[in-house]
Amino acid sequence: MDIRNLRAGETLFKEGDAADTAYIIEEGEIEISTMTEGSNVVICSLGDGDIVGEMGIIDDEPRTATATATKDTRLVCVTRNQLTDRISEADDILKLLVKVLLDRYRSGLSKMKGDNRPPPPGEVVAEYMHHGITKMRLEAELRQALATDELKVFYQPIGDLHSGKIAGFEALTRWFHPTRGFISPGLFISLAEETDLIVPVGLHVFKQASADMVRLQKVAEAAGHNPPLFMSINISGRQVINDQFLSEAAKIVDETGLPRDQFKLEITESFAIDVTAAENWIKQAHEHGFKVSLDDFGTGVSSLETLYRLDLDVAKVDRAFVIDLADNQRNRQLTRDIVAMIQRLGLEVIVEGVEERSQLEFIKALDCQYAQGYIIGESMPVDDIEALIRNPPDFS
Ligand code: C2E
Ligand code: CA
Ligand code: CA
């Protein structure tokens with residue numbers, strides 16, 4: 001970023017000039033004025049930390065006012081590209097607000113000057129409006145879905161390849177919207193993550209999954225299962241940042257009377273980017289009595305480092321490794337190495353996305369204990385899971 005110094009009385013830009021830069025006042029004072037009916041009217045005076053000239057570079061219009069230094073002033077220059085890049089990366093709702101505020105400001109300025117400028121072209125606003133409003137509506141509806149019964153927790157069984165029994169589940173949330181129908185977690189979880197809604201959504205999942213675990217554990221014991229079942233719950237970055245989350249989750253589990261270590265918190269590599277923060281969070285999760293599982297292992301750029309540095313209990317090998325095991329010698333070798341490495345570190349391994357018998361046979365030969373995928377079962381409501389525990393498919 002460039003720096004510009006002005007002496008008191010020097011002009012930064014004049015009304016009508018083409019605009020290509022905005023300025024942050026690091027130190028000094030800038031007076032903004034405009035010619036109205038032949039006389040110079042001062043609109044405002046800006047000081048340290050204020051921004052000057054941002055409007056022109058956002059919407060490509062000439063300067064609507066003159067900026068003059070009233071003291072010796074030091075400015076940091078922000079180019080059009082630097083600013084528009086940041087705006088284009090911003091949330092649609094934020095873009096809409098910036099656009100509306102600018103239009104309102106410009107139209108107020110033009111009224112003040114007595115010229116009736118035509119309103120700005122509508123398409124851009126309409127586009128932001130469309131995206132922004134759709135998202136805001138969905139957000140409001142998701143908030144409501146939490147209060148009604150539209151968010152359901154389904155469970156995908158995880159099979160123990162040694163015993164041939166169901167060992168545990170992954171809780172996967174589904175939204176059954178009254179008019180839009182089924183909305184996939186891929187869509188609404190990312191929306192919830194952008195807002196703070198992910199925290200109440202996450203606690204809702206915890207509540208439902210804990211209550212259902214009580215039922216499922218009883219069914220399993222009646223069916224002659226010895227080891228306790230486990231429940232894996234997906235945890236997003238925002239839930240990790242929220243320091244209340246773990247204690248509230250622990251309280252929810254305690255109310256069921258189940259041991260907390262039957263619950264595994266699934267985190268992804270993306271929030272192990274800050275390794276120290278991830279280490280701290282895992283430590284806290286352990287102090288609360290939960291197990292921690294690394295989801296989608298092998299898909300990120302720093303998988304190995306994450307696996308070695310973090311104190312994990314479980315690693316889930318991503319579906320991508322399983323997809324073409326049959327005709328890809330390289331993938332077979334890679335899966336073999338990855339599973340062995342996780343085992344060497346003393347972690348439990350769950351291989352995800354197992355759909356075919358040949359894939360199952362391959363991972364069994366690696367002495368991998370757990371598998372998750374359509375061959376064992378898709379995600380389903382708790383009633384169907386009860387039936388599955390009593391009558392597991394043959395995967396041993
Ligand atoms: P994930 O944690 O990787 O979950 C596994 C996804 O793979 C699920 O999709 C599951 O239905 C699908 N899957 C499982 N087995 C197979 C298989 O054999 N073949 C194929 N092709 N797919 C399989 P789903 O339910 O659509 O969930 C998508 C993602 O949404 C999840 O990915 C998880 O990241 C997120 N998610 C779901 N529920 C929650 C939640 O309650 N909280 C949070 N934070 N994220 C959630
Ligand atoms: Ca998961
Ligand atoms: Ca996964």
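Remember, it's 1-based here, ligands and their atoms both numbered in the order they're listed. What's counted below: heavy atoms across the whole structure, side chains too, no hydrogens, waters or symmetry copies. Source: prediction; values computed, not measured.
- Using cut-offs of 30° and 60° on the angle between ring planes, the pair Phe169 and Tyr155 is perpendicular.
- With hydrogens and angles ignored, the 3.5 Å screen pairs a side-chain donor or acceptor of Thr73 with a backbone N or O of Glu29.
- Formation of a donor-acceptor pair under 3.5 Å by the Asn391 side chain with backbone atoms of Leu388 is not found in this model.
- In terms of polar-atom proximity, defined here as any N/O pair under 3.5 Å, Gln156 does make such a contact with ligand 1.
- With a heavy-atom cut-off of 4.0 Å, Asp295 touches ligand 1 through its side chain alone.
- The shortest heavy-atom contact between Leu246 and Ala285 is CD1-N, 3.7 Å.
- Applying the 4.0 Å criterion to heavy atoms of Asp296 picks out, from ligand 1, the atoms 3 (O).
- In this structure, atom 44 (N) of ligand 1 lies nearest to the protein heavy atom Ser236 OG, 2.7 Å.
- With hydrogens left out, the protein atom closest to atom 41 (O) of ligand 1 is Thr173 OG1, 2.5 Å, a heavy atom.
- A side chain to side chain contact (heavy atoms under 4.5 Å, CB included) with Ile166 holds for exactly one of Asp160, Ile376, Ile158; it is Ile376.
- Within a 6.0 Å sphere centred on CZ of Arg7, other residues, nucleotides and ligands contribute 12 heavy atoms or fewer.
- Remark: distances from the non-hydrogen atoms of Gln372 to ligand 1 are all 4.0 Å or more.
- Among protein heavy atoms, the minimum distance from atom 31 (C) of ligand 1 is reached at Leu172 CD2, 4.2 Å.
- Protein heavy atoms are absent from the 4.0 Å sphere centred on atom 6 (C) of ligand 1.
- Within the 3.5 Å criterion, the main-chain N or O of Thr299 finds no donor-acceptor partner in the side chain of Asp296.
- Atom 19 (N) of ligand 1 has as its closest protein heavy atom Glu355 OE2, 2.5 Å.
- Scanning all protein heavy atoms for the shortest distance to atom 18 (O) of ligand 1 gives Tyr374 N, 2.9 Å.
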Inset, instruction - Walk me through it: do Asn234 and Glu266 pass the test side-chain contact (heavy atoms from CB on, under 4.5 Å)? - result: CA-CA 5 Å; Asn234 291 287; Glu266 280 192 16; 3.1 Å; yes

Inset, instruction - Let me see the working for Phe263 and Phe206 under side-chain contact (heavy atoms from CB on, under 4.5 Å), right down to the final yes or no. - result: CA-CA 9 Å; Phe263 292 79; Phe206 239 100; 4.1 Å; yes

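- Heavy-atom distances between Lys316 and ligand 1 stay at or above 4.0 Å for every pair.
- For the pair Arg143 and Glu139, the salt-bridge criterion is met [side-chain N within less than 4.0 Å of a carboxylate O].
- The shell of residues lying under 4.0 angstrom from ligand 1, judged by heavy atoms, includes Glu170.
- Residue Ile189 touches ligand 1 through its side chain alone, judged by heavy-atom distances below 4.0 Å.
- Counting only heavy atoms, the protein never gets under 4.0 Å from atom 9 (O) of ligand 1.
- Counting only heavy atoms of the protein, atom 27 (O) of ligand 1 lies nearest to Pro185 CG, 3.5 Å.
- Heavy-atom contacts of Gly373 reach the following atoms of ligand 1: 15 (N), 18 (O) (cutoff under 4.0 Å).
- In terms of heavy-atom proximity, Leu366 sits nearest to Thr335 at CD1-O, 4.2 Å.
- A single hydrophobic cluster is seen to contain both Val322 and Phe297, as judged by linkage of ILVMFWY side chains at heavy-atom distances under 4.5 Å, directly or through other members.
- Of all protein N/O/S atoms, those lying under 3.0 Å from the Ca ion (ligand 2) come to 4.
- Within the 4.0 angstrom cut-off, atom 15 (N) of ligand 1 has one or more protein heavy-atom neighbours.
- Protein heavy atoms come within 4.0 Å of atom 38 (N) of ligand 1.
- Comparing heavy-atom distances from atom 33 (C) of ligand 1 across Val205, Ile376, Asn234, Ile158 singles out Asn234 as nearest.
- The closest approach between Ser184 and ligand 1 stays at or above 4.0 Å for every heavy atom of the residue.
- For atom 29 (C) of ligand 1, no protein non-hydrogen atom is found at a distance below 4.0 Å.
- For atom 25 (O) of ligand 1, the closest heavy atom belonging to the protein is Arg174 NH2, 2.6 Å.
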Legend entry - Residues Tyr370, Phe230; criterion ring pair (Phe, Tyr, Trp, His ring centres under 6.0 Å); working and verdict: CA-CA 12 Å; Tyr370 301 107; Phe230 63 81; 5.7 Å; yes

